[in-house]
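Numbers restart at 1 for each chain; the letters A, B, ... are given by sequence-line order, proteins then strands. Not measured: the values here are computed from a predicted model.
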2 protein chains.
Amino acid sequence: MNLDLIDKKLINLLQKDCKQTTKKLALQLNLSVTAIYERIKKLEKEKIIKQYVALIQKNKIDRSFLVFCHLKLIQHSKEYLTTFESEVIKLDEVSECFHVSGDYDYILKIYVKDMQAYREFMVNKLTALKHIGSTHSIFTIGEVKNTTAITL
Amino acid sequence: MNLDLIDKKLINLLQKDCKQTTKKLALQLNLSVTAIYERIKKLEKEKIIKQYVALIQKNKIDRSFLVFCHLKLIQHSKEYLTTFESEVIKLDEVSECFHVSGDYDYILKIYVKDMQAYREFMVNKLTALKHIGSTHSIFTIGEVKNTTAITL
DNA sequence: ACTGAAAATGTCGAACC
DNA sequence: GGTTCGACATTTTCAGT
């Protein structure tokens, strides 16, 4: 699908606040409510907009300690990869997990309450998974930028 | 604020789909529409819910090449840190940037179109910033898990 | 927390530029 | 592609209990 300038602006606005009314969006984009309505429906149908979600302030729910974990498997057979992946998905603390190229195999992004909670997570959950070779944890000491929006 | 079980379930539901009607939420949680309505308002007022956003399918907008970049500054004076941070925030390609402990200073999460776009980003934007010592790029070859939700 | 009701929006068809 | 108009369904919002 081809996105024109208005689509892009619309997407940018919805990435900042998806609960604004079509009326408000229409005003900002100088179009009618119906036109905006139809563009949004199209973006949803084309799955360009894949989801509408609430974002939570993590420090208010005791989950603001962020750790990146670099992880290596003991071996790289397909079986090892898939079993590890299907298991790591289930861990609630792991909000992101990417298979990467380079010195290690995976990067995990982990939100927990504090260092003690991280220790418990490591001991009881992460290193309990099969086929794990080594891990390296990097602790976040400051959030400079953290957005879900891709500016078009 | 103290969250009871219903609040937690409500937050979990809104993190998956924040556009469901209060009616639908009420049914799932066995409460009246108004009760849910007031709980949501409370969560918003307390800033536990900080934002409602649309999530975009990145491959449909040519931004599905994900790179993690580990970055070191040449020096760690407060001035160097703050100027770097205020500059890196402005880069649209950088969706996340965290100050971390360890071998390097920052981890950046960067979404671009492809390797060529990444090269251009590096040459023209990132390494154009002041005070940068070294960078190390890690390329993502697979997305195992990528959620914005924190399960309560 | 609930019921009930008013106000606002969402939704969509139709006629048209 | 865009517009306006209109109408009904649905939701949001809130007062009263």
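No more than 12 heavy-atom neighbours from other residues, nucleotides or ligands sit within 6.0 angstrom of NZ on A/K16. More than 12 heavy-atom neighbours from other residues, nucleotides or ligands sit within 6.0 angstrom of NZ on B/K19. Within 6.0 Å of the NZ atom in A/K8, the count of heavy atoms belonging to other residues, nucleotides or ligands does not exceed 12.
A salt bridge between B/K41 and B/E44 is present, with a side-chain N of the basic residue lying under 4.0 Å from a carboxylate O of the acidic one. Between B/R39 and B/D4 there is a salt bridge, with a side-chain nitrogen of the basic residue lying less than 4.0 Å from a carboxylate oxygen of the acidic one. Ion pair A/E93/A/K125 flagged as a salt bridge, since at least one NZ, NE, NH1 or NH2 atom sits closer than 4.0 Å to an Asp/Glu carboxylate oxygen.
Here C/dG10 presents its P atom at 17 Å from NZ of B/K23, a figure rounded to the nearest Å. Going from atom NZ of A/K24 over to atom P of C/dA8 covers 16 Å, rounded to whole Å. In this structure, CD1 of A/I6 is placed 13 Å from C1' of D/dT3, rounded to the nearest angstrom.
Across residues 25-48 of chain B, B/T34, B/Y37, B/K41 each have a non-hydrogen atom less than 4.0 Å from an atom of DNA chain D (numbered order).
Here the side chain of A/K9 pairs no donor or acceptor atom with the backbone of A/Q28 at under 3.5 angstrom. The closest donor-acceptor contact from the side chain of B/N12 to the backbone of B/L152 lies under 3.5 Å.
Comparing the local axis fitted to the first five base pairs of the helix from C/dA1-D/dT17 to C/dC17-D/dG1 with the one fitted to its last five gives a bend of 30°, rounded to 10°.
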